[in-house]
Amino acid sequence: MPELPEVEAVCRNLRAAGVEGLSIVRFRIERPGIARPQEVGDVEAAVSGCRLLRVERRGKNILLHLSNGQSLHVHLRMTGNLYPVPDPRFRPMATRAWWEFDGGRGMLFEDSRALGRIHLYPTAELTARMDEQIGVEPLDGAFTTQFFVQQAKRSGRPAKLFLMDQHPVAGLGNIYAAEALFRARIHPEVPMKRVSKPRLLALHGAIVQVMREAVDSAALAYAEPGRFVEGESFPCAVYDREQEPCTICERPIRRITQGGRSTYYCPACQRR
DNA sequence: AACACGACCTGGTAGC
DNA sequence: TGCTACCAGGTCGTGT
């Protein structure tokens, strides 16, 4: 589920539901591991009674800014989801944390694998940390071709791993990194600094394009609060399509392993 | 600095 | 049907 576009959809969905400005009557973490090493009781106590001022996204991170000068840092990791619910008593099986708002509505953090995390920090500390750890947003004006080429030229890492690193550019994960490389016709194993300037420009454009399209798809999929809508997902050209014919040349898509994850690409269209 | 790899977790499914 | 093995959209810590 959650790369930048899906996390953006989660945030829009929360804002559209009007959670910003609501008072949190109660906050509970049902599974201590998601807050580790922070103490669940401390976090719950600090959050309960605050107002949720603003929902912000940085890369794949969600920041819930509170009225007490602190913010919750939510990371969905692989299977997490954060969504508003009309009835705060609604608790699906994989509920890991929940918020009850003044007036009777609620918000849920659901995560079947429980790899997601929720931590509490002073707002200034959290935003500073994000500035330092999270790179440029691909849909932001700061993501210029000059910036991208400069970052690329000083990295010897394989292209796919470079894109998945959150430091230079934030928000790409396994799916959209593969899709962007396919559109730019770049082999995922090529050292970034060896990619030609024209190809880098193509990749820059592909990243922006893929992210825009995926954000739109994700927004549609989340149109109904808290529920995915089938058939509205981003149409992948290579991801999870091993052996299927390439949409351009019809040769079979190949799967390899990079950094312990699957990479899908077309060996004919994406040359070294 | 860069890389591989295990850890963190649960659930779905391909294959026997 | 039932079991096993492997796979999964992410990140961090450790060791080489």
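Given the structure is predicted, the values throughout are model-derived calculations rather than measurements. Letters A, B, ... are given to chains in the order of the sequence lines, protein chains preceding strands, and every chain is numbered from 1.
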What is the distance, to the nearest angstrom, from the [atom1] atom on [X] to the [atom2] atom on [N]?
X: A/K193; N: B/dA1; atom1: NZ; atom2: P; result: 13 Å
X: A/M164; N: C/dG9; atom1: CE; atom2: P; result: 8 Å
X: A/E110; N: B/dC9; atom1: CD; atom2: P; result: 18 Å
X: A/N174; N: C/dG10; atom1: CG; atom2: P; result: 6 Å
X: A/M93; N: B/dC9; atom1: CE; atom2: C1'; result: 16 Å
X: A/D240; N: B/dG12; atom1: CG; atom2: C1'; result: 13 Å
X: A/Q133; N: C/dG10; atom1: CD; atom2: P; result: 17 Å
X: A/R77; N: C/dG13; atom1: CZ; atom2: P; result: 10 Å

[N], OP1 or OP2 - any side-chain N/O from [X] closer than 4.0 Å?
X: A/R36; N: B/dC9; result: yes
X: A/Q166; N: C/dG10; result: no
X: A/H75; N: C/dG10; result: no
X: A/R113; N: C/dA8; result: no
X: A/Y239; N: C/dG9; result: yes
X: A/R31; N: B/dT10; result: yes
X: A/K60; N: C/dG9; result: no

When A/V55, A/L82, A/I24 are each screened for side-chain contact (heavy atoms from CB on, under 4.5 Å) with A/V19, the one that passes is A/V55
When every non-hydrogen atom of A/A35 is compared with those of A/V40, the smallest separation belongs to CB-CG2, 4.5 Å
Residues A/L76 and A/D111: closest non-hydrogen pair is O-OD2, 4.4 Å
Considering only the [atom1] atoms, how many Å lie between [N] and [M], rounded to the nearest integer?
N: C/dT1; M: B/dT13; atom1: C1'; answer: 15 Å
N: C/dG9; M: B/dC3; atom1: C1'; answer: 23 Å
N: B/dG12; M: C/dT11; atom1: P; answer: 23 Å
N: B/dG11; M: C/dC12; atom1: C1'; answer: 23 Å
N: C/dC7; M: B/dG6; atom1: P; answer: 13 Å

Using a 6.0 Å distance limit plus a 45 degree cone around the ring axis, check whether A/R26 lies over the aromatic ring of A/W99. no
Within residues 253-262 of chain A, the residues having a heavy atom closer than 4.0 Å to DNA chain C are A/R255, A/R261, A/S262
Closest to the side chain of A/I175, out of C/dG9, C/dG10, B/dC3, is C/dG9
Under-3.5 Å donor-acceptor pair between A/E6 side chain and C/dG9 base:
yes
Below 4.0 angstrom, N of the basic side chain to O of the carboxylate: do [X] and [Y] qualify?
X: A/R272; Y: A/E189; answer: yes
X: A/R12; Y: A/E8; answer: yes
X: A/E56; Y: A/R58; answer: yes
X: A/E20; Y: A/R54; answer: no

The Watson-Crick or G-U wobble partner of C/dG9, with both key distances under 3.5 Å, is none
- Task: Quick one: sort the A/H119 and A/Y121 rings into parallel, tilted or perpendicular, breaks at 30° and 60°.
- Result: tilted
Tell me what A/P191 touches on the nucleic acid: a base, only sugar-phosphate, or nothing, going by heavy atoms under 4.0 Å.
nothing
